[in-house]
**Student:** 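To start, I am sharing the structure in question, which I have written as structure tokens.
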2 protein chains.
Amino acid sequence: MLIQIDPAAETPLFAQIAGQIRRSIVEQRVGHGERLPPAKELASSLDVNMHTVLRAYDVLRAEGLLEVRRGRGVVVSSVGPGRAKLIELAHALVAEAARQGLSRRELVKLLEDV
Amino acid sequence: MLIQIDPAAETPLFAQIAGQIRRSIVEQRVGHGERLPPAKELASSLDVNMHTVLRAYDVLRAEGLLEVRRGRGVVVSSVGPGRAKLIELAHALVAEAARQGLSRRELVKLLEDV
DNA sequence: ACCTATTTGTCCGTATGTATG
DNA sequence: CCATACATACGGACAAATAGG
């Protein structure tokens, strides 16, 4: 899966991992149905705790991008890269809004105006 | 806040806590802007780990029901009990679907048909 | 401006449970 | 039965934001 993280970065480790996997789905470097490495394995390769990887998986599961089931592992959902793209854009928008100091309310209003 | 949990129940502790707080918002037993007890405090009163309470808070934050900020604590969001009601119904629907063995796809289709 | 206490945020390690194959 | 792999929960540690003195 080729994931690289920066322990010194400001963004949390689980967010970095989730973001890179999301990116991989958008770019279709991983296709629907494809299986991701077990949390324990990915964790050891990244030199982080298994919980950190599980949390990243959980974020992507909540977004509908991954199907996570115990005993079976983690596979890319069939919703396709289109949704991943949307979510990625949403993340970027929220991050930029935060950088510019927009409140949640202001962002919502901005979106409604658009 | 009057929360009671059952450690022997099948539903996870964090879900029990989140569910009861959600219910309290629906019934307007807690109003918007009202502050919830610190995680550490609620945890000790429920005899669970602080992380478990924080996870419950995080669930409700993701649902837009709570505003959680470090240093300041947790307050009920101003979105009102209407949204809480919707989310509660959604939870009930998903739980019932799971009991009846419906897949995610079947549930979505059922919703679309309705 | 400084210090301290409070409170959440993240991460780690460990233990146990449960579904899958 | 057994190995795999995620799910939950606990405990501890440190960081960062906030509030108050």
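A note on names: the letters A, B, ... follow the listed sequences, proteins ahead of strands, and every chain is numbered from 1. Everything quoted here is computed from the prediction, not taken from an experiment.
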**Student:** Is any side-chain nitrogen or oxygen of B:T52 closer than 4.0 Å to OP1 or OP2 of D:dC10?
**Tutor:**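 Result: yes.
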**Student:** Would you find more than 12 non-hydrogen atoms of other residues, nucleotides or ligands less than 6.0 Å from B:D6 atom CG?
**Tutor:**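 Buried by this count: over 12 neighbours within 6.0 Å.
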**Student:** Would you say A:R72 places a side-chain N or O within less than 4.0 Å of OP1 or OP2 belonging to C:dG21?
**Tutor:**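 Yes.
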**Student:** What contact category does A:M50 fall into here, base, sugar-phosphate, or nothing, at under 4.0 angstrom with non-hydrogen atoms?
**Tutor:**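 No contact.
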**Student:** Does OP1 or OP2 of D:dA9 have a side-chain N or O of B:N49 closer than 4.0 Å?
**Tutor:**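 No, B:N49 has no side-chain N/O under 4.0 Å of OP1/OP2 on D:dA9.
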**Student:** Looking at the side chain of B:V68, which of D:dA7, C:dG9, D:dC10 is the nearest nucleotide?
**Tutor:**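 Among D:dA7, C:dG9, D:dC10, the one nearest the side chain of B:V68 is C:dG9.
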**Student:** Is any side-chain nitrogen or oxygen of A:R35 closer than 4.0 Å to OP1 or OP2 of D:dA5?
**Tutor:**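 Answer is yes, contact under 4.0 Å.
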**Student:** May I ask you to decide if A:Q16's main-chain N or O and A:T11's side chain share a donor-acceptor pair within less than 3.5 Å?
**Tutor:**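 Answer holds: no.
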**Student:** Can a donor-acceptor pair under 3.5 Å be found between the side-chain atoms of A:H51 and the base atoms of D:dA7?
**Tutor:**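 Donor-acceptor pair under 3.5 Å: no.
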**Student:** Tell me: CG of B:L60 to P of C:dT8, nearest whole Å?
**Tutor:**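 Atom-to-atom, B:L60 to C:dT8, this comes out as 13 Å.
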**Student:** Given salt bridge (charged side-chain N to carboxylate O under 4.0 Å, His left out), test A:R61 with A:E67 step by step and report yes or no.
**Tutor:** CA-CA 6 Å; A:R61 181 176 64 91; A:E67 292 174 7; over 6 Å; no
**Student:** Look at B:R55 and D:dT8 and indicate whether a side-chain polar atom (N or O) is within less than 4.0 Å of OP1 or OP2.
**Tutor:**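 Checking D:dT8 against B:R55, a side-chain N or O does come within under 4.0 Å of OP1 or OP2.
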**Student:** Can you tell me if A:S24 uses its side chain to pair, donor with acceptor, with the backbone of A:Q20 under 3.5 Å?
**Tutor:**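 Answer holds: yes.
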